[in-house]
Participant: 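One structure coming up, written as structure tokens, with questions to follow.
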Amino acid sequence: MIPRKRKVAVVGVALSDCGRVDDATPYALHAQAARRALADAGLDRSRIDGFASAGLGTLPPAEVAEYLGLRPDWVDSTAVGGSTWEVMAAHAADAITAGHARAVLLVYGSTARADIRAGRRTGDLSFGARGPLQFEVPYGHTLIAKYAMAARRHMHQYGTTLEQLASVAVQARANAALNPEAMFRAPVTVDDVLSGPMIADPFTKLHCCLRSDGGAAVLLVAEEYVRDCRTAPVWVLGTGEHVSHTTMSEWADFTVSPAAVSGRLAFERAGVRPDEIEVAEIYDAFTYMTLVTLEDLGFCAKGEGGAFVDAAKGRLLVGGELPVNTDGGGLSGQHPGMRGLFLLVEAVRQLRGEADARQVRRPDGEPPHLAVASGTGGWFCSSGTVVLGR
């Protein structure tokens, strides 16, 4: 491992308006989040020399950079689904370390919900039928069906129960109740989750993420810029990324996600252990994602995720043993598509002690010192993990 020669800090984070946003374009949400992140950092736009964005425009990120009035010297448009932003953060940190940029802005915005409401797109997003996908598409194998099949394998192999999977949704909603920006805040029970309409066996409606509008932005800078910012720095300690498969037939084990590799790399490079992490922000398009990612990041042994997330133990709650998705996650907070950037925003807010009613506290009353954000893309196709500290 080659140690970083220049430290990299997150100095600005922000969300755009989120939830139900019917009167904005995706470009406008990008701009709103970017302005707020720069204001959070107290850094002028002229200092930005690196830019990363994906998912919008014919030539991302060139179109979005132009819309924001930026002319960056370093760009990244890596698109690996929900893990995009953790992977981009890793690339940005490497670029800053190498001296290719000093201030890199990561931005995302989507009107996924509003587009459906207005008839601009349908509820089902096609990933095409060419290349490797041609062998699955004819059989109606949708994205959610792939996650559901993986969950069933975990249930078969390790005895994981529907009630344990439902516990993930229950605790996410409890955390969302503390977040005024969350889209759904009313409490739910395990029975509520189990009795909902079936979407893809074993997932009922509340096992699945919501669909919202919204955007987010994160600003990473070289350590020499930190003194010019108004916020306390949150340092990038270690990162990892991994690509597993595209077709389900090439996935060696449905019970092991690519976070098993990205997490190991991130923790090794950060020089910390999973049991030192005090808050975890994990991509949760479905309840099974949270469970299996917790296993693969090393918070519990393989096959023990069901017992670990049991609602009766409350481990995932803001006041629990390992607070997870403290903003309510994609299950209850907001999920405007590729949600990975929201994980980084929430992790930074927790480390800075700016999460208000949902703030995680150490026994001495201080905010946490260490956090992890781990994004998953596709149907467990890719993973990016970032370890952050203050």
Side-chain angles (χ1 to χ4, degrees), residues 4-17 24-79 84-110 214-236 239 338 340-349 351-352 354 373 375 384 386 388:
R4 296 188 185 279
K5 297 179 181 180
R6 172 192 274 168
K7 293 174 65 178
V8 179
V10 178
V11 294
V13 297
L15 302 183
S16 71
D17 293 345
T25 68
Y27 288 95
L29 295 180
H30 277 77
Q32 188 179 57
R35 285 195 300 268
R36 290 176 178 177
L38 288 171
D40 181 54
L43 201 67
D44 189 79
R45 185 180 65 178
S46 63
R47 308 285 286 276
I48 306 302
D49 57 359
F51 183 72
S53 182
L56 183 63
T58 304
L59 297 172
E63 288 187 24
V64 180
E66 181 178 80
Y67 186 86
L68 299 180
L70 299 175
R71 298 291 185 270
D73 301 322
W74 179 93
V75 295
D76 188 3
S77 61
T78 298
T84 291
W85 309 102
E86 282 67 40
V87 171
M88 281 185 172
H91 295 176
D94 288 341
I96 292 171
T97 298
H100 297 162
R102 291 187 177 183
V104 178
L105 183 65
L106 281 57
V107 190
Y108 177 67
S110 169
V218 169
L219 177 62
L220 299 95
V221 302
E223 58 185 314
E224 60 264 30
Y225 273 22
V226 168
R227 62 179 179 271
D228 299 327
C229 298
R230 58 177 295 274
T231 54
V234 169
W235 302 101
V236 178
T239 65
M338 298 187 296
L341 200 53
F342 289 73
L343 309 179
L344 292 168
V345 171
E346 180 66 12
V348 170
R349 285 177 169 175
L351 293 174
R352 297 197 316 203
E354 298 173 351
V386 180
L388 300 166

Participant: So which atom in P26 and which in S110 form the shortest heavy-atom distance, rounded to 0.1 Å?
Facilitator: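 In terms of heavy atoms, the two residues are closest at CB-CA, 4.5 Å.
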Participant: Verify side-chain contact (heavy atoms from CB on, under 4.5 Å) between V348 and V218, making sure each step is shown before the conclusion.
Facilitator: CA-CA 9 Å; V348 170; V218 169; 5.8 Å; no
Participant: May I ask you to decide if D17's main-chain N or O and Q32's side chain share a donor-acceptor pair within less than 3.5 Å?
Facilitator: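 Yes, because the side chain of Q32 sits within donor-acceptor range (under 3.5 Å) of the backbone of D17.
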Participant: Any side-chain heavy-atom pair from R47 and V221 closer than 4.5 angstrom?
Facilitator: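 Result no, sub-4.5 Å side-chain heavy-atom pair not found.
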Participant: Which heavy atom of V64 sits nearest to which heavy atom of H30, and what is that distance?
Facilitator: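 Nearest heavy atoms, V64 then H30: CG1-CD2, 3.6 Å.
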Participant: Show, in sequence, the C-alpha distance, side-chain angles and deciding distance for D228 and V11, and conclude whether the side-chain contact (heavy atoms from CB on, under 4.5 Å) test is met.
Facilitator: CA-CA 10 Å; D228 299 327; V11 294; over 6 Å; no
Participant: Which residue in the set R35, R230, R349 passes salt bridge (Lys or Arg N to Asp or Glu O under 4.0 Å) when paired with D40?
Facilitator: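 So, applying the salt bridge (Lys or Arg N to Asp or Glu O under 4.0 Å) to D40 and each of R35, R230, R349, only R230 qualifies.
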Participant: Kindly compute the distance separating CG (D94) from NE2 (H100), expressed to the nearest 0.5 Å.
Facilitator: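 Atom-to-atom, D94:CG and H100:NE2 are 10.0 Å apart.
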Participant: Hey, is the main chain of G12 close enough, under 3.5 Å, to the side chain of T231 for a donor-acceptor pair?
Facilitator: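 No, because the side chain of T231 does not come within donor-acceptor range (under 3.5 Å) of the backbone of G12.
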Participant: For E63 and L56, indicate whether the former's side chain and the latter's backbone hold a donor-acceptor pair under 3.5 Å.
Facilitator: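 Checking the backbone N and O of L56 against the side chain of E63, no donor-acceptor pair under 3.5 Å is found.
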Participant: About how many Å separate OG1 of T78 and CD of E86, when rounded to the nearest 0.5 Å?
Facilitator: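 These two atoms lie 12.5 Å from each other.
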Participant: What heavy-atom pair brings A222 and R6 nearest, and what distance separates the two atoms?
Facilitator: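 The answer is CB-CD, 3.5 Å.
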Participant: Let me confirm one number: the OG1-OH distance from T25 to Y67, rounded to the nearest 0.5 Å.
Facilitator: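 These two atoms lie 4.5 Å from each other.
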Participant: What's the shortest heavy-atom distance between A33 and G215, and which atoms?
Facilitator: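 Result for this residue pair: CB-C, 4.1 Å.
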Participant: Quick one, L70 with R45, criterion side-chain contact (heavy atoms from CB on, under 4.5 Å). Give me CA distance, side-chain angles, the key distance, then yes/no.
Facilitator: CA-CA 8 Å; L70 299 175; R45 185 180 65 178; 3.4 Å; yes
Participant: State, with a plain yes or no, whether a side-chain heavy atom of L388 is found less than 4.5 Å away from one of V236.
Facilitator: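 A side-chain contact under 4.5 Å exists here.
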Participant: So which heavy atom on A89 is nearest to which on L106, and how close?
Facilitator: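 Result for this residue pair: N-CD2, 3.8 Å.
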Participant: Between D49 and R102 (side chain of the first, backbone of the second, donor and acceptor by atom type, cut-off under 3.5 Å), is there such a pair?
Facilitator: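 Flag set: sc D49 to bb R102 pair under 3.5 Å.
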Participant: Below 30° counts as parallel, above 60° as perpendicular, anything between as tilted: where do the rings of Y108 and F342 land?
Facilitator: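 Because their plane-to-plane angle is over 60°, the rings of Y108 and F342 count as perpendicular.
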Participant: Quick one: does any side-chain atom of W85 pair with a main-chain N or O of M338 as donor and acceptor, under 3.5 Å?
Facilitator: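 Such a contact is found between W85 side chain and M338 backbone.
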Participant: So which atom in A65 and which in P72 form the shortest heavy-atom distance, rounded to 0.1 Å?
Facilitator: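 In this case the closest contact between A65 and P72 is CB-CD, 4.1 Å.
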Participant: Between atom CD of E66 and atom CZ of F51, what is the distance when rounded to the nearest 0.5 Å?
Facilitator: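 One finds 11.5 Å between CD of E66 and CZ of F51.
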Participant: Measuring from atom OG1 of T97 to atom NZ of K7, what distance do you get when rounded to the nearest 0.5 angstrom?
Facilitator: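 Reported value, rounded in 0.5 Å steps: 11.5 Å.
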Participant: Can you find a pair of side-chain heavy atoms, one from L38 and one from I48, that are under 4.5 Å apart?
Facilitator: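 Of all side-chain heavy-atom pairs linking I48 with L38, at least one is under 4.5 Å.
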Participant: Does a side-chain heavy-atom distance below 4.5 Å link S53 with P60?
Facilitator: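 Not touching, per the 4.5 Å side-chain cut-off.
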